[in-house]
Every structure is written in C-alpha cells, then in structure tokens.
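The block underneath contains the structure these notes are about, expressed in structure tokens.
Everything numeric here is computed off the predicted structure, so don't read it as measured data. To find a chain, count down the sequence lines: A is the first, B the second, and so on, and within it residues start at 1.
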Amino acid sequence: MASVGLCPMPYSKVPTGGGKTYLAVSALSRLFGRYLGKNTGFVLWIVPNEAIYSQTKRQLNDRQHPYRQMLDRAAAGRVRLLEKNDQLDARDVESHLCVMLLMLPSANRQTRESLRMFRDRGDVHGFFPPEGDMEAHQRTLEQTPNLDAYSQSAEAGAFWPQVKDSLGNALRLIRPMVVMDEGHKAISELAFATLYGFNPCFVLELTATPKDVAARGGANPRPARHANILVEVLGVELDREGMIKMPLNLDPRQGTDWRNTLRAALDRLNVLDTEARRLHGERGRYIRPILLVQVERTGKEQRESGHIHALDAKDWLLTAGLDEAEIAIKTADTNELANPENLDLLSPTNRVRVIITKQALQEGWDCPFAYVLCALAASANLSAMTQLVGRILRQPHAEKTGVPLLDECYVITHHADTARVVDAIKTGLEEDGLGDLVKEIRIGDDGGDRVPGIRKVPRRDRFAKTEIYLPQVLSVEGGTVRPFDYEHDILFELDWSAVDPAPLVAMIPDNAQSAERQMRRIRLADSGQERIVAEVAGQSGETLRFDPAYAVRMVSDIVPNPWIAREIVGRVLAGLTVRGFDADKLGTLAGLVIEQLRQWLDRERDRMAEAVFRAAVAAGRIQFRLRTDEKNWRMPFEAETYEPEDAEQLIGKTGKPLERSLFAPIYKGDFSSQDERNIAVYLDGEAALTWWHRNVARRQYAIQGWRRSRIYPDFIFALQRDGSVERLVVLEMKGPQLAGNLDTEYKQAVLRLLSDHYAIDHSPHVGGFELVVPDGTTVQCDLVLMQDWKVRLPNEFIRK
Amino acid sequence: MGGSFTFCTLGDAIEMDKLLTGEALPTFEQLGALLFHTATNEVAPNPLPTENVEGCGYLGESTDCHVWLIYRPDLEFLKSREAALTLIRAKALVKAKPGKVHRVFAPAKFVSQKLLKDADLPVEFVPLPFALYRIERD
C-alpha cells in the first residue's frame with residue numbers, strides 16, 4: 001500500500017456502450033506521446049472476465065482493427081501483444097510497445113492461476129542480474145524493495161537474497177502503464193494491493209460504476225479510497241451521440257401464459273426485422289435484430305419441473321416458424337454461441353435471431369444487434385434480468401439509424417410486478433453507468449399509475465404558504481371561461497372544405513417504382529452472347545388496389561370527419577387520374593400516396609390551426625391572463641421526486657445548499673442534463689430572483705398551443721422588482737442540435753405570441769373567492785437554446 | 001322433427017366506400033338498429049324511439065348505456081360541423097337522460113375525452129362509419 005499515490009490514477013466513468021476500449025487506446029497513445037515521451041514500453045491491460053479478454057484480444061490482434069491501428073501509430077508499428085504465459089524479454093520492452101492482456105483473477109495473488117505469475121520461470125529474460133552475482137541481486141532488491149526474492153533470512157539457508165525470475169517481478173521492475181477495464185471490480189484490498197504492487201507508472205481505470213471504498217477502523221485500520229474520477233461520461237451524452245438505444249420501452253405483461261409473452265416479443269422482433277431489412281435495402285446498413293429470452297430453468301433434468309425451460313421456449317419458437325439455426329442457447333453447460341457459425345454475431349451470414357439464456361451472458365457480452373429482452377423469469381429472478389437489461393443497450397455501429405423502431409430497445413416481462421421491474425431496470429441502468437437515463441424508461445400498457453419510489457418534496461419553508469399562480473391558455477366564449485381545449489377550440493374551427501389537394505397531386509412522382517414487387521427469373525441460356533439471362537417474370541402474385549376507405553382510416557387522426565376525408569381522398573384520386581394514373585398504378589403507389597397525403601394533411605392542419613389560433617388570440621377568444629377568479633394554474637405545495645432520500649443534492653455556486661428553489665431539497669437526479677443543472681445553479685445564485693422552479697413535464701404547468709401536444713416549459717422563476725411588483729418568467733430550453741427544427745420553432749412562436757398577449761384580468765367573480773394578483777405582475781414566456789442561456793438569461797430575462 | 005325457424009329479410013349491404021362517398025347511405029333507422037346491436041349486443045327496440053336531443057337521435061337504452069346516433073342520410077350534413085359530438089351536445093344528453101353511460105355514434109367529435117371527464121360527463125364517442133365494422137363487446 002505504500003506505493004499508492006506515487007503514480008497518477010485517474011478514473012474515467014464511462015457507461016456501457018460508451019467506447020471504453022476506444023478511450024483506453026487513445027489515452028495510451030496520448031500518454032506515451034506526451035506523458036512518457038517515448039513510444040516503447042509496457043502496458044498491462046487488465047480485464048475483468050473471459051468475454052472481455054477474448055474480445056479485446058481479438059481486436060488488438062487484428063491489424064485492420066482501428067484500436068490496433070491506433071496502437072500501431074503510437075508505437076510506430078512496433079506493437080507486441082503478449083499473454084501472461086508468453087516469453088518476456090527485456091529487449092522487447094525496450095524496443096517495442098508491449099501490451100500484455102491479463103484477466104483480473106490472474107492478477108489476484110491468492111488464486112492458483114496467479115501464483116504462476118509470481119513463479120520463478122525460465123522464460124523471463126534480461127531483467128535481473130545473472131544468477132551468481134549476489135551483490136547485484138542485493139542492489140536490485142534495494143532499488144525495488146517489493147520484488148519477490150528467495151528469502152534473505154537465514155532460515156531459508158541463503159546468505160544472499162536472490163530475486164525470482166518471475167513475470168510479477170519483471171513487471172515490478174518495468175513499472176508498467178496499467179489499464180484497468182471495469183476498474184470497479186478491482187476494489188478488494190487484495191486486488192488493489194496486487195495492482196499497485198506492480199509499481200505502475202500510471203493507472204488508467206475505466207468503469208461504468210466507480211466505487212468508493214469506505215475507511216475501515218478497528219484492529220486493522222485503512223484509510224478510505226475514493227475513485228479519482230477525471231472524466232464522467234453521462235448516459236444522456238451517449239444518447240445524444242446516438243451510441244445507445246434509448247428510450248427503453250417496457251411492456252410488462254400480466255397474463256399467466258408465458259407463451260403469450262414470448263409471442264409478443266417475437267412479434268416485436270418481426271416488426272424490427274422488417275424495418276431492418278428495409279434499412280438494409282435502402283441504405284445497405286446491415287442490422288439483424290436479436291431477441292434475448294430469459295428463462296427460469298436450463299438444466300437437463302429440470303425440464304418437467306413446471307418452470308419455464310430453455311427447451312420449452314425453443315420448441316415454442318420452432319413451432320412459431322423459426323429455424324433451428326436461428327435459435328442459440330447459452331447456458332452453463334450448453335454454449336451454442338461458441339459454435340463456429342455463431343462466433344461473429346454481427347456477420348450478415350450469421351443466422352442467430354434468438355438467444356435463450358438464464359443468466360449466463362456476462363458483462364462484456366454485448367451484442368449491438370440485441371434489441372428485445374423477453375424476461376420470462378422476471379418474477380423469479382429479477383437480478384438476472386437486471387444484468388440482461390444492459391446487454392441490449394448498445395446501438396449498432398454506434399450510430400442511430402433514423403428509424404425510430406431501430407433506435408430504441410424493448411423489454412417485455414412476464415407476469416412480474418411492474419414496479420419491481422422498473423426498479424430492476426433502474427438498477428440495471430445504474431450498473432451500466434446510465435443512471436441518469438432512468439427517466440427514459442417508457443412503460444407500456446397499464447403500468448403507468450404505479451410509479452416506484454416516488455416521494456414528496458415539500459416547499460421551502462419561506463414559500464410554504466405562498467400561493468403561486470400562473471396564467472393558463474383559456475377559451476372565452478360569451479360569459480364562460482374554461483381551459484382551452486385543442487379539439488373543441490381548434491379542430492372544430494378548421495375548415496377542411498377549403499382545402500385543395502392540387503399541390504399534393506402535383507407532388508406525387510409518376511415514375512415512382514416499387515421495385516420489390518417485380519419478380520425476376522435468372523436462367524442459363526444454351527447459346528448466344530449472354531449466357532445468363534435475367535427476365536422479368538411478371539408481377540408478384542398480389543394485385544394491389546387503392547382502397548379509399550383504408551386511406552380515410554389512415555388519415556382519421558388528422559381529419560376527424562371521415563366523410564370529409566373521403567372527399568379529400570376522392571379529389572386526390574381524381575387529380576391523379578387526370579394526370580394519367582390508372583387503377584393499377586394507383587394500387588402500386590397506394591403506400592406512397594397515403595404517406596404523402598398524411599404528411600401534407602398534417603402540414604395543412606397545422607397551418608390552418610395556427611391561423612385559427614392567432615385570430616382567436618387577436619379577437620380575445622383565447623386569453624392568456626392571470627385572473628382574479630381562480631381560473632389560473634396553481635403551483636402545487638408538494639413536488640415529486642424519484643430520487644432516494646440520500647441521493648446527491650444539487651449544490652449552489654458557492655458550495656452551499658441551494659437557496660431559492662421553490663421546493664427543497666433538489667437532487668441532482670431531478671435534472672436530465674448537466675446544462676439544466678448549470679442553469680438551476682445560475683438562477684439560484686441570482687439575487688434578483690425570488691424563487692425558481694424546475695417544471696415537471698406531463699404533471700405540472702403546461703401551455704396549450706395550436707398543436708395537440710402541450711408545451712411543458714422547463715424553468716419558471718419569479719423576479720422581484722421595485723418591492724412588490726413581480727415578474728414571472730417561463731422558459732423552455734432546447735439543446736443546440738434542435739435549433740431551427742419545426743418543433744422548436746413552433747414552441748417559440750406559441751410562447752412569444754402568448755407572452756405578447758398576456759394581461760391581468762380583473763373580471764368580477766361572483767360567489768367565489770377573489771384572488772389577489774398584485775398589480776403589475778408580468779409574465780414572460782420564451783424559448784432559449786442551450787448554447788445561448790448564459791447570454792440571454794442575464795440580458796433579457798433577469799436585468800431588464 | 002319439431003323446432004322452429006325464423007324468417008329474416010336481409011337489408012341492402014352496407015359498403016364502406018359507398019357509405020363514405022354518399023353513393024349508398026342507409027336510412028337512420030337501418031343504421032340505428034344495426035349500431036344499437038353492435039354497441040350493446042342487445043336487440044334494438046322496434047320501432048326505434050323518435051326522441052331527439054340537440055340533434056342527436058336516441059336509439060334506446062340497454063342494461064348499461066344509452067345509445068345515440070348523429071346521422072342523416074345526407075352527404076352534406078355528414079360533412080358539416082353539425083355532424084359531430086360537441087361539449088354542448090354532451091351536456092344536453094347527460095341532462096336529458098342521467099344515470100347511465102352515453103354512447104354516441106357520430107362522424108366526428110370536437111371535444112376531448114379529458115374535457116368530458118373534467119366536466120363529469122359520462123359520454124363515449126364511437127366513430128362512424130368505422131364502428132360498423134367493429135363489434136364492441138365489453
């Protein structure tokens with residue numbers, strides 16, 4: 001332990017799927033180039049288990065692999081990859097960049113395997129003095145005191161110490177650079193001591209979940225060890241880069257027949273498969289979605305025990321139409337993934353679509369193609385499910401496909417308590433360093449109302465009794481005032497009869513061809529120049545017909561009245577017929593026409609809705625006012641949080657607790673990004689502010705505009721000016737990547753419009769109790785891009 | 001041998017697209033009897049009641065709901081805003097026949113389920129003409 005602290009030991013916290021290996025390799029190249037200033041040396045690369053060992057070995061051995069190429073570049077082409085039993089020569093270390101892969105158990109001194117590491121052996125050359133030169137041995141030992149040596153004490157019968165020719169000793173002398181993959185596995189005292197016993201010159205630890213080791217008192221006291229986190233990569237950042245599949249869709253099935261659950265999973269897989277094939281067809285990007293099935297039993301004798309057995313699941317899948325080759329079972333004693341044809345799951349020639357397992361897929365087994373987890377044993381073995389959740393997170397090729405279905409992952413559970421499943425998934429994500437993404441879990445079906453671990457957070461004492469009101473978008477008709485209703489106040493007003501689909505008709509290309517419908521026959525000809533003849537063998541069997549009723553149904557969510565929709569469809573068809581489309585062609589292009597029609601109608605609706613909304617605002621039929629008659633939105637007196645009591649709280653700029661948040665305490669986990677936390681901290685430090693509040697989407701304050709979905713602003717804060725006059729600011733934040741997109745522009749337009757038409761309404765209110773709205777209270781709503789807030793907040797919203 | 005038989009006369013076929021184009025619109029009574037059956041799984045009262053509340057035709061009452069239909073065999077009417085369930089209509093229906101859930105068949109609705117719920121109106125909208133092809137049994 002004496003050597004701890006003698007070398008830099010930074011930690012990088014990188015979630016699963018975040019490119020740990022890439023970071024390690026590029027860090028090595030920097031470290032050798034800048035820190036050590038040489039391009040030869042020794043790297044001890046410690047991995048936690050067999051799966052990661054073989055994966056890393058494969059990658060580093062492959063000269064075509066980018067990781068290996070980065071190393072090659074750092075070492076000017078002289079890289080030697082070693083394993084622990086390989087011969088080691090001091091000259092290699094001097095002239096090459098040696099990378100030795102080691103599994104964590106081998107570095108652990110107490111196990112049998114590891115003893116080999118410290119055993120005297122004949123093939124470690126050139127590090128220690130020749131055997132007879134006892135004085136030199138003595139000197140070596142003095143220079144590096146923690147070398148293993150044949151004891152210098154008299155009891156061993158030696159007057160002179162002799163250093164062992166062991167790999168361990170060689171490492172101690174070399175002072176290697178150490179890379180610890182999954183560093184949190186090596187926090188036991190033994191592992192720690194062994195690791196630092198190698199006298200490393202630099203320890204780079206990479207992990208998803210850094211662990212601090214608490215101090216220990218008692219007979220054998222130890223100081224606390226804290227993970228020295230240098231870089232923390234957040235789940236949202238990975239999500240933003242499109243490296244992981246998010247959101248995670250949870251479908252907790254409550255039925256009693258597990259086959260139904262498996263069928264749902266298979267259905268999901270088939271849907272994904274169709275999408276993936278289309279993607280492959282369109283862009284040549286190959287993805288073969290894989291379903292992971294977690295069963296209750298896998299052992300040979302356990303089949304009749306009434307539990308869900310791997311073979312039962314396999315039999316069912318076979319009857320459901322899957323091929324034997326498409327199903328692989330991975331259990332303690334059967335590993336079909338190790339079959340030669342199954343080794344590379346990412347290969348297009350691989351056929352595996354379903355992997356059945358109990359809990360045998362370790363960490364480090366990560367197949368980006370795994371999309372669906374069907375946890376049939378969720379109720380019995382929740383912890384195994386927790387582990388498996390992390391296995392479906394990696395996005396294929398670390399790049400989003402643009403197809404929403406293929407950018408998300410799916411968990412389907414059988415007969416398990418939804419709340420517990422959500423907890424387990426949360427734990428799973430946390431173990432993979434993605435704890436900040438827990439809010440991204442979507443629960444399908446009925447699980448919505450039972451939210452786990454929700455707690456109430458009270459108002460700050462100062463505001464415990466303060467009534468806070470915000471204006472709502474209200475519809476005023478004659479004397480009645482009620483919240484603005486999208487369907488009633490917008491959809492009703494839209495005049496579809498005025499819609500002319502001529503632009504749409506003109507847009508449909510007449511040469512659009514759906515290629516996959518053509519059947520071709522390729523045959524060999526006996527004579528002639530062309531020996532291989534491809535000919536069109538007519539249309540594929542089905543004849544397609546444009547079904548107007550179907551088209552009407554497809555747009556029924558946009559155009560509410562089917563008779564009007566039918567009229568529009570009729571006009572489109574008539575227009576296309578005039579352009580010379582016959583029934584056959586319309587049938588072939590039905591998909592395209594309907595898709596274009598939907599998009600066009602959607603735009604038309606938004607255009608008309610905006611006009612209606614603006615007109616109504618101008619005429620005062622839609623109002624955005626603080627009123628004295630209770631028709632305001634009332635800030636609740638309790639907020640909710642998912643964070644546990646002892647979660648880390650957000651801390652103010654000065655290092656003290658927050659002072660101006662409306663609710664207290666505020667946890668770090670309540671925010672979805674670091675930017676939001678920064679804004680919160682900034683607002684809290686602003687003396688002009690009375691309070692601020694992070695608005696909770698879908699539960700708290702919302703603004704209805706001319707689209708169906710409501711706008712949930714992110715921040716609300718109050719400013720005090722000239723004593724009593726209050727100013728409320730409502731802000732929606734958007735990431736820079738969303739600047740200029742349609743949704744952002746829509747939200748900004750709505751917020752500004754309402755902000756411009758804000759007023760205080762002193763309408764007399766009979767029979768109710770009158771609210772006191774301080775005169776001169778103003779409300780300002782706007783949208784701010786994340787990159788602008790540092791400038792815009794102080795300039796526009798706080799000092800004005 | 002014994003037993004008995006029932007003699008039925010089938011009406012004209014109802015074809016979705018002809019319904020939508022207005023080419024073949026069934027009468028209020030034909031459609032009403034059919035819809036009452038699909039909505040309740042009970043036989044429609046014969047003859048249908050002639051009650052009309054705020055433009056909604058009353059089809060009768062089953063064990064658990066009142067059934068209403070907003071319909072005229074007139075294409076212009078069906079396309080108009082008149083042919084829709086609105087908040088005002090929902091209120092009128094509940095006032096006229098309190099006690100049971102109201103199931104309203106109509107071409108469109110211009111009131112959200114949330115608004116109905118907030119206003120404490122037990123009214124369910126069933127879209128025409130698609131409802132004809134979906135037999136709802138709760």
Checklist outcome for this item: dist Leu75(B):CG -> Ile564(A):CD1 (nearest 0.5 Å) comes out at 10.0 Å

Checklist entry - Checking Leu128(B) against chain A: side chain, backbone, both or neither under 4.5 Å from a heavy atom? => result both

Next on the checklist: Please rank Ala84(B), Ala83(B), Ser112(B), Ala108(B) by heavy-atom pairs under 4.5 Å with chain A and give me the top one.
Outcome noted: Ser112(B)

Next on the checklist: Quick check against the 3.5 Å criterion: does Asn561(A) have a side-chain atom that pairs as donor or acceptor with the backbone of Leu78(B)?
Outcome noted: yes

Next on the checklist: So if I take each residue of residues 480-498 of chain A and look for any heavy atom under 4.5 Å from a heavy atom in chain B, which residues do I end up with?
Outcome noted: Arg482(A), Asp485(A), Glu487(A), His488(A), Leu491(A), Phe492(A), Glu493(A), Leu494(A), Asp495(A)

Checklist entry - If you look only at pairs with a residue in residues 553-593 of chain A, which of them pass as a ring pair (Phe, Tyr, Trp, His ring centres under 6.0 Å), with sequence neighbours excluded? => result none

Checklist entry - Near Lys18(B) NZ, under 6.0 Å, is it more than 12 heavy atoms from other residues, nucleotides or ligands? => result no

Item to check | Atom NZ of Lys91(B) with >12 non-hydrogen neighbours under 6.0 angstrom | outcome: no

Item to check | Contact class of Leu25(B) relative to chain A, heavy atoms under 4.5 angstrom | outcome: side chain

Next on the checklist: Quick check: closest heavy atoms across Leu20(B) and Ala549(A), and the distance to 0.1 Å?
Outcome noted: CD1-CA, 4.0 Å

Checklist entry - Side chains of Pro562(A) and Pro127(B): closer than 4.5 Å at any heavy-atom pair? => result no

Checklist entry - Do other residues, nucleotides or ligands put more than 12 heavy atoms under 6.0 Å from the CD atom of Glu82(B)? => result no

